[in-house]
Amino acid sequence: MSKVYIRTFGCQMNTYDSERIASIFKDMGFDQSDNPEEAEFAIINTCSVREKPQIKVQSEIGRLKSVKGIKIGVCGCVAQQEGEKFLENFKDVSFVFGTDAIGRLYEIIDLVQKGERVCDTATNDSEISIPTFSRATSVSSFVTIMKGCDNFCSYCIVPYVRGREKSRKVEEILDEIKYLVNSRVKEVTLLGQNVNSYGKNLDENINFPKLLYMVNNIDGLKRIRFVTSHPKDFSDELIDAMKNNNKVMPYLHLPLQAGSDRILSKMNRKYSYGEYREKVLKAKETIPNLTLSSDFIVGFPGETDSDFEDTIKAIKEIEYETIFAFKYSPRPKTKAFSFEDNVPDDVKSQRLTLLLQEQEKISNKLLQEYVGKSSEVLVEGLSKKDKSTYSGRNPQNRIVNFKSSNKLEIGDIVNVEITEAKKNSLFGKCN
Ligand code: SAH
Ligand code: SF4
Ligand code: F3S
């Protein structure tokens with residue numbers, strides 16, 4: 001059977017899109033392979049959120065072009081951004097397709113096989129439809145519920161490469177989840193750049209909290225997660241939906257980005273730190289054992305030592321279990337691109353290191369708090385390092401490795417007594 005090699009960069013949206021691309025290739029008679037040497041097609045699914053991932057794409061093309069006879073296709077956010085220019089600049093690339101073009105891959109591949117170089121970055125601005133597709137599933141799966149973003153945070157390229165916000169129809173989402181549950185999935189993560197805007201463009205009377213109630217009713221599904229929630233739209237209705245639906249896990253990724261109101265305003269985030277803190281406190285009071293995670297940008301244009309200090313204060317006050325932090329990277333087309341990128345790179349690096357060091361102390365402390373307690377773990381398989389140890393996740397999305405006196409199956413949910421907190425994971429035993 002012919003083979004396709006797929007390399008994915010970027011966020012969960014791209015992971016989901018790559019699974020869909022693999023399924024379309026499968027339909028056309030191509031098995032997925034990890035080895036480009038044996039593949040007829042190589043697909044690079046790209047990310048342009050910062051400069052670094054964009055540079056990785058060029059080195060991946062450089063690596064692949066030495067493979068004899070392989071046809072290289074580039075998709076995802078860089079492809080959407082560059083379009084025809086990409087074909088012009090990279091002679092070894094045979095085809096480029098944008099973030100709305102995946103459904104048209106059949107036609108694109110047909111043309112490429114006839115020897116044409118193809119670029120399809122057309123967007124569809126009406127509603128989105130993604131037919132349920134088959135995939136090699138584990139116990140946990142992503143389900144895209146919406147595409148695009150209308151928030152235009154001043155630093156962010158996503159609204160330019162993923163287009164306007166569009167929601168998937170409720171029926172389509174529920175059908176896909178039911179299909180996944182029938183093929184052994186126990187946990188779904190609902191994906192959108194801003195899930196709180198779900199349903200805005202649909203005729204149906206639906207919003208994200210209402211969708212959670214409907215997903216919670218699906219028999220056989222055990223756990224529901226979602227990313228990402230924008231703090232400005234994080235509502236009391238959503239807090240209640242998280243509390244009232246037992247399958248919705250007590251884990252919330254709520255990116256703050258910066259602790260200083262001055263910087264938040266320049267970022268066009270549309271909330272102050274005080275408003276953010278109030279919502280988080282309410283969520284913590286309402287949802288038992290809720291843990292939080294967040295994204296941060298350091299070295300945004302104009303960020304002073306005192307602004308950065310506000311970010312440090314914020315992580316100490318909120319006590320996130322995990323954070324993801326990045327050095328500001330100017331992106332073309334965005335509003336902040338016209339601001340002077342005036343924080344020197346070594347200062348950005350120092351701030352990043354400091355933020356991560358402070359966070360490590362907080363994470364260590366919070367992880368220690370699990371020790372001596374029992375956690376419900378969804379078994380995902382055996383630990384990579386030690387085949388006599390099971391591995392899974394607790395409700396708060398933390399990896400738990402544990403020994404068990406009974407034989408367990410993938411997909412079981414068991415009570416594990418936590419005996420030790422390691423750097424990023426927990427260790428325990430199950431009787
Ligand atoms: N929709 C999500 C995030 C998408 S991008 C949200 O609103 O939270 C993921 C993260 O990348 C962002 O949260 C931000 O922290 C970071 N990011 C985005 N643009 C960036 C840039 N130009 N420079 C550095 N980090 C950036
Ligand atoms: Fe980017 Fe802001 Fe949209 Fe997130 S909400 S994707 S950070 S513009
Ligand atoms: Fe990157 Fe596109 Fe996701 S820019 S972060 S892959 S939406």
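These figures come from a predicted structure and were not determined experimentally. Whatever order the structure lists ligands and atoms in, that order sets their numbers, starting from 1. Keep in mind that the numbers below use all heavy atoms, side chains included, and drop hydrogens, waters and symmetry copies.
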**Request:** Tell me whether the centres of the aromatic rings in Phe41 and Phe30 are closer together than 6.0 Å.
**Result:**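 Yes, close enough.
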**Prompt:** Strictly under 6.0 Å, is that where the ring centroids of Tyr320 and Phe296 end up?
**Reply:**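 Yes, ring centres under 6.0 Å apart.
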For ligand 1, which atoms, with element, lie under 4.0 Å from some heavy atom of [X]?
{"X": "Tyr328", "result": "23 (N), 24 (C)"}
{"X": "Asp295", "result": "9 (C), 10 (C), 12 (C), 13 (O), 15 (O)"}
{"X": "Val49", "result": "5 (S), 18 (C), 19 (N), 20 (C), 21 (C), 22 (N)"}
{"X": "Arg331", "result": "22 (N)"}

**Prompt:** Below 4.0 angstrom, N of the basic side chain to O of the carboxylate: do Lys147 and Glu165 qualify?
**Reply:**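 Salt bridge absent between Lys147 and Glu165.
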**Asked** Does a side-chain N-to-carboxylate-O contact under 4.0 Å join Lys200 and Asp150?
**Response**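 No.
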Roughly how far, to the nearest 0.5 Å, is [atom2] of [Y] from [atom1] of [X]?
{"X": "Ile224", "Y": "Met242", "atom1": "CD1", "atom2": "CE", "value": "10.5 Å"}
{"X": "Leu264", "Y": "Tyr273", "atom1": "CG", "atom2": "OH", "value": "10.5 Å"}
{"X": "Lys327", "Y": "Asp341", "atom1": "NZ", "atom2": "CG", "value": "10.5 Å"}

**Message:** Under 2.8 Å from atom 3 (Fe) of ligand 3, is there any N, O or S atom belonging to Cys11?
**Reply:**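 An N, O or S atom of Cys11 is closer than 2.8 Å to atom 3 (Fe) of ligand 3, so yes.
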Record the part of [X] in heavy-atom contact with ligand 1 below 4.0 Å; permitted values are side chain, backbone, both and neither.
{"X": "Thr228", "answer": "side chain"}
{"X": "Tyr155", "answer": "both"}
{"X": "Pro255", "answer": "side chain"}

Side-chain donor/acceptor of [X] to backbone N/O of [Y], under 3.5 Å:
{"X": "Arg225", "Y": "Val188", "value": "no"}
{"X": "Ser183", "Y": "Tyr179", "value": "yes"}
{"X": "Thr311", "Y": "Gly259", "value": "yes"}

**Prompt:** Hey, mind stepping through Phe226 and Phe208 against ring-ring contact (aromatic ring centres under 6.0 Å, His included) and telling me if it holds?
**Reply:** CA-CA 10 Å; Phe226 56 88; Phe208 185 60; 5.0 Å; yes
**Message:** Using the rule side-chain hydrogen bond (donor to acceptor under 3.5 Å, both in side chains), only one of Glu172, Lys169, Arg168 pairs with Ser129; which is it?
**Reply:**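 Result for side-chain hydrogen bond (donor to acceptor under 3.5 Å, both in side chains) with Ser129: Glu172.
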**Request:** Only one of Gln193, Lys270, Arg269, Lys232 passes side-chain hydrogen bond (donor to acceptor under 3.5 Å, both in side chains) with Asn151; say which it is.
**Result:**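 Answer to the side-chain hydrogen bond (donor to acceptor under 3.5 Å, both in side chains) test with Asn151 among Gln193, Lys270, Arg269, Lys232: Lys232.
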**Request:** May I ask which of Lys147, Gln12, Gln193, Gln81 has a heavy atom nearer to atom 7 (S) of ligand 3 than the others do?
**Result:**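 Among Lys147, Gln12, Gln193, Gln81, the closest heavy atom to atom 7 (S) of ligand 3 belongs to Gln193.
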**Request:** Determine, considering heavy atoms only, which of Gly10, Cys77, Cys47 sits nearest to atom 1 (Fe) of ligand 3.
**Result:**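 Going through Gly10, Cys77, Cys47 one by one, Cys47 has the nearest heavy atom to atom 1 (Fe) of ligand 3.
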**Pro255 contact mode with ligand 2 (heavy-atom cut-off under 4.0 Å)** =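 No part of Pro255 comes within reach of ligand 2.
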**Asked** Under 4.0 Å from ligand 2, counting heavy atoms only, is it the side chain of Phe152, its backbone, both or neither?
**Response**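 Near ligand 2, Phe152 shows its backbone, while the atoms from C-beta on stay back.
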**Asked** So, does Ser48 sit close enough to ligand 3 that a heavy atom of it is under 4.0 Å from the ligand?
**Response**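 A heavy atom of Ser48 does come that close to ligand 3.
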**Item:** Contact check, Met13 vs ligand 3, heavy-atom distance below 4.0 Å
**Value:**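 Contact absent.
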**Request:** Test Asp17 against Asn45 for side chain to side chain donor-acceptor pair (under 3.5 Å), laying out the working first.
**Result:** CA-CA 8 Å; Asp17 287 349; Asn45 195 355; 5.2 Å; no
Please state which protein non-hydrogen atom is closest to [atom] and give its distance, to 0.1 Å?
{"atom": "atom 8 (S) of ligand 2", "answer": "Cys153 N, 3.3 Å"}
{"atom": "atom 7 (S) of ligand 2", "answer": "Tyr155 OH, 3.4 Å"}
{"atom": "atom 7 (O) of ligand 1", "answer": "Arg269 NH1, 3.7 Å"}
{"atom": "atom 6 (S) of ligand 3", "answer": "Asn14 ND2, 3.3 Å"}
{"atom": "atom 5 (S) of ligand 2", "answer": "Asn151 ND2, 3.4 Å"}

Could you tell me, atom by atom, which parts of ligand 2 come under 4.0 Å of a heavy atom of [X]?
{"X": "His230", "answer": "5 (S)"}
{"X": "Pro159", "answer": "8 (S)"}
{"X": "Val158", "answer": "6 (S)"}

**Message:** When you measure from the heavy atoms of Arg269 to every atom of ligand 2, does any distance fall below 4.0 Å?
**Reply:**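 Yes; Arg269 lies near enough to ligand 2 that a heavy-atom distance drops under 4.0 Å.
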Under 4.0 Å, counting heavy atoms only: does [X] come that close to any atom of ligand 1?
{"X": "Asn194", "result": "no"}
{"X": "Lys327", "result": "yes"}
{"X": "Lys348", "result": "no"}

**Request:** Cation-pi check, Arg135 to Phe133: give yes when NZ or CZ is under 6.0 Å from the six-membered ring centre and within 45° of the ring axis, no otherwise.
**Result:**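 Yes - Arg135 lies over the ring of Phe133, closer than 6.0 Å to its centre and within 45° of its axis.
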**Prompt:** Could Arg398 and Tyr370 be counted as a cation-pi pair, given that NZ or CZ must be under 6.0 Å from the ring centre and within 45° of the axis?
**Reply:**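 Arg398 over Tyr370 ring: no.
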**Item:** Whether Cys149 has an N, O or S atom under 2.8 Å from atom 3 (Fe) of ligand 2
**Value:**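 For Cys149, the answer is yes, given that an N, O or S atom comes within less than 2.8 Å of atom 3 (Fe) of ligand 2.
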Does an N or O anywhere in [X] fall below 3.5 Å from an N or O of ligand 1?
{"X": "Gln257", "value": "yes"}
{"X": "Arg50", "value": "yes"}
{"X": "Ser329", "value": "yes"}
{"X": "Gln193", "value": "yes"}

**Request:** Apply side chain to side chain donor-acceptor pair (under 3.5 Å) to Asp307 and Thr304, showing your working.
**Result:** CA-CA 5 Å; Asp307 291 320; Thr304 61; 3.0 Å; yes
**Request:** Given ring-ring contact (aromatic ring centres under 6.0 Å, His included), test Phe300 with Phe326 step by step and report yes or no.
**Result:** CA-CA 10 Å; Phe300 188 78; Phe326 315 98; over 10 Å; no
**Asked** Just wondering, is there an N, O or S atom on Cys156 that's nearer than 2.8 Å to atom 1 (Fe) of ligand 2?
**Response**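 Yes - counting backbone and side chain alike, Cys156 has an N, O or S atom under 2.8 Å.
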